[in-house]
Structures are given as structure tokens and as C-alpha cells.
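Just below is one structure, and these are the notes that go with it.
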Amino acid sequence: MLRPRIPTMPTPTGIVAPLVHPTPVPASGSLEQHQHSTAACACQHTTLAPAVVPAPAAPSGPAVRLSPTGLLVAVGGGAAVVLVVGAVLVSMLLAVAVTAMSVAVCAVVLRSMVNGTARHR
């Protein structure tokens, strides 16, 4: 009736291994057991094909090969990125600190103004 389709998982080598469904084994009384000689047999049975197992992938070298100059450029670029990101983060922290300090000063000034008007009444 309805058979679910299970997708095959590709191996890391890119070879797709087929999904093997087990074949039903007929009852032992339905097949006749007989010996085969070296000559061709007249019976009509089929042999099972051996399962295909993909070979493991050979380890490969690094995907990107850099010359000494390219390596220096990559290290220099990485250092520049780290410095720029660090400067941006420090400036953001400084902006938060300055804002907090100004809010604190405003709070102290407002409190002193409110306390000063309450005493004069």
C-alpha cells in the first residue's frame, strides 16, 4: 500500500549510498534445495548481489595553501580586524560610562533642587 520513502544520506565523499531494503525470505518448503555442478543449472533462481560499500575518502591536505607573504598578509589583516573591533567596543563602553555619569550628575542636581524648594516653604 503506502511505503515511506527514507532519503539517502550522502557520505562525506559525495557518493550517495543506496538504501537497501531487506528481501523477504520464502518459506523453506517452497524452494527445492539441490546441488549445482560446474555446468549451467536449469533452475530459475537468482543470486543476491553483494552490497556496495563506498571506500573511505583519502585524507587530503589543507584546502588553502599560503605563501609566506600571503601568511603575513593574513596575520596582519587579522590583527587589524582585532584592533578595529577592540577600538569600537572600547568606544562603546566609554560612551555608556559617560552617559551614566551625566545621568548621575543630573540626578544629584535635581535632588538638591527638590530639597532646596521643600525647605523654603
Side-chain angles (χ1 to χ4, degrees):
M1 191 172 158
L2 294 176
R3 296 181 107 181
R5 297 277 182 185
I6 301 172
T8 57
M9 247 344 228
T11 59
T13 59
I15 300 171
V16 177
L19 182 64
V20 179
H21 293 288
T23 57
V25 178
S28 61
S30 66
L31 286 180
E32 179 179 320
Q33 299 294 326
H34 58 276
Q35 296 291 329
H36 290 281
S37 64
T38 57
C41 152
C43 61
Q44 296 181 359
H45 60 82
T46 59
T47 60
L48 295 176
V52 178
V53 178
S60 62
V64 177
R65 296 189 184 269
L66 292 175
S67 65
T69 305
L71 184 62
L72 287 176
V73 169
V75 169
V81 166
V82 167
L83 288 175
V84 167
V85 169
V88 167
L89 291 177
V90 167
S91 64
M92 289 173 64
L93 180 64
L94 184 62
V96 169
V98 166
T99 303
M101 184 70 76
S102 65
V103 167
V105 167
C106 288
V108 168
V109 169
L110 283 174
R111 191 172 91 186
S112 67
M113 287 174 61
V114 168
N115 287 339
T117 58
R119 288 184 192 164
H120 291 297
R121 287 187 178 191

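Tracing side-chain contacts under 4.5 Å through hydrophobic residues (I, L, V, M, F, W, Y), one never reaches Val81 starting from Leu72; they form parts of separate clusters.
Distance check, rounded to the nearest 0.5 Å: CG of Asn115 to CG of Leu110 gives 11.0 Å.
The side-chain contact (heavy atoms from CB on, under 4.5 Å) search around Val82 returns none, not counting sequence neighbours.
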